[in-house]
Amino acid sequence: MSDSPAIITVAITGALPRKKDNPAVPVTPQEQIESTHEAYEAGASLVHIHVRNPDESPSSNPDLYGQVQEGVRKHCPDMIVQFSTGGRGRDQTARGAMLHLRPDMASLATGSVNFPASIYENPPDFVEGLARSMREFDIKPEIEVFDLAMLYNAANLAKKGLINGPLHVQFVLGIANALPARRSVFDFLRAELAAVLPDATWVAAGTGRFQWEVNQWCLEAGGHCRTGLEDNVKYDQNRLAASNAELVKKIADACGRYGRRVATPAEARALLGLRTPVTA
Ligand code: MG
């Protein structure tokens, strides 16, 4: 694994953080495109996108998704575009409403879980419906594992032919009421993934104050990394992150210490088995 490339995902906006939490959170499509471009120049090869209404509430508007995708494809050659199908603030019926825009990837949570103050509802028939839509539009899912059963559910979807392998799996650690950001949990999840889906690629996300710690675990263990203001608006305990790019740079600068290097967008596409992007 010496000098193996690390794909850096930047989750630029998310559903929750507001400008009042950190003025650097990009909200309008223009801000999102600029923030993505800076993160791309700092080493991010994959962007995870949520869009927002003008009042900063989460949006399902395909036009907004389309604008951001178009800008990213124009300014960030080869960068992997991933749309969120996440639930916060959106109806189930709207969560896949932009998949016809054919991003490279989309997130797919393969089960339900408690969040800090709500239930993240992903019933079996809904998950299968989203998986079918992604297959129809040639979109690679990123399997979001917020709780343990989701890993085995993903393997079952692959067995049923609803997801084409090899899978790309993200472990999400540190959300209250879901999986804790404990090293023992991280190690167990990786061992189970290797047993159940041996061909899968993987990344882990740590939320809030766990972001940087989980980034370092991933670099050490040969996985890929996710950062960004969606998960954490701070650079460290003492100050706010100046930008998404600053969080990406923190990982890029650390790669060498773990015998890793930053994956180029072309390398990231090859690692994830993605098609060549449609040029804008
Ligand atoms: Mg998200």
Side-chain angles (χ1 to χ4, degrees), residues 7-18 21-22 24-27 29 31-32 35-36 39 44-53 56-62 64-65 68-69 72 79-92 94-99 101 103-122 126-127 130 134 139-147 150 154 168-179 181 202-208 210-211 214-215 224-233 241 244 247-248:
I7 299 167
I8 303 178
T9 291
V10 62
I12 52 170
T13 300
L16 288 182
R18 303 294 181 109
D21 302 312
N22 184 333
V25 174
V27 172
E31 288 173 348
Q32 292 186 300
S35 187
T36 303
S45 51
L46 194 165
V47 59
H48 173 81
I49 298 167
H50 294 242
V51 294
R52 299 284 190 90
N53 295 308
E56 297 191 50
S57 62
S59 173
S60 304
N61 185 344
L64 296 174
Y65 277 100
V68 180
Q69 175 168 260
V72 171
M79 192 176 203
I80 298 164
V81 171
Q82 179 186 96
F83 289 168
S84 170
T85 66
R88 283 183 174 115
R90 292 195 286 180
D91 290 341
Q92 278 183 4
R95 285 169 49 187
M98 66 329 209
L99 294 177
L101 297 172
D104 299 293
M105 300 183 77
S107 59
L108 180 65
T110 47
S112 303
V113 66
N114 278 356
F115 272 174
S118 62
I119 303 171
Y120 184 22
E121 279 189 69
N122 296 294
F126 173 71
V127 173
L130 273 182
M134 292 181 199
I139 297 165
K140 179 164 181 154
E142 178 178 271
I143 305 299
E144 312 295 354
V145 171
F146 289 91
D147 212 347
M150 298 185 193
H168 184 59
V169 174
Q170 172 165 252
F171 305 121
V172 186
L173 306 176
I175 295 183
N177 299 327
L179 290 171
W202 64 273
V203 53
T207 59
F210 304 110
Q211 183 173 69
V214 172
N215 290 159
H224 302 291
C225 292
R226 162 161 155 159
T227 190
L229 296 167
E230 166 167 351
D231 300 339
N232 173 37
V233 296
N244 278 303
L247 293 171
V248 171

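Keep in mind the model is a prediction, meaning the values are calculated, not measured. Note that ligands are numbered from 1 as they come in the structure, with each ligand's atoms numbered from 1 the same way.
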Worksheet, complete the sentence: With T13 as partner, the option from H50, E31, Q32 fulfilling side-chain hydrogen bond (donor to acceptor under 3.5 Å, both in side chains) is Q32
Worksheet item: Just how far is it from atom CG of N215 to atom OG1 of T227, taken to the nearest 0.5 Å?
Response: 5.0 Å
Item to complete: For the residue pair F115 and Y120, categorise the inter-ring angle as parallel (less than 30°), tilted (30 to 60°) or perpendicular (more than 60°).
Response: parallel
Fill in: Distance below 2.8 Å from the Mg ion (ligand 1): protein N/O/S atoms
H48 NE2, H50 NE2, E230 OE2
Practice prompt. Mind checking salt bridge (charged side-chain N to carboxylate O under 4.0 Å, His left out) for E144 and listing every partner two or more places apart, or none if nothing turns up?
Written response: none
Response to the item:
Separation between CG (N232) and CZ (R226), nearest 0.5 Å, reads 11.5 Å
Worksheet entry | Sub-4.5 Å side-chain heavy-atom contact between V47 and I12 | yes
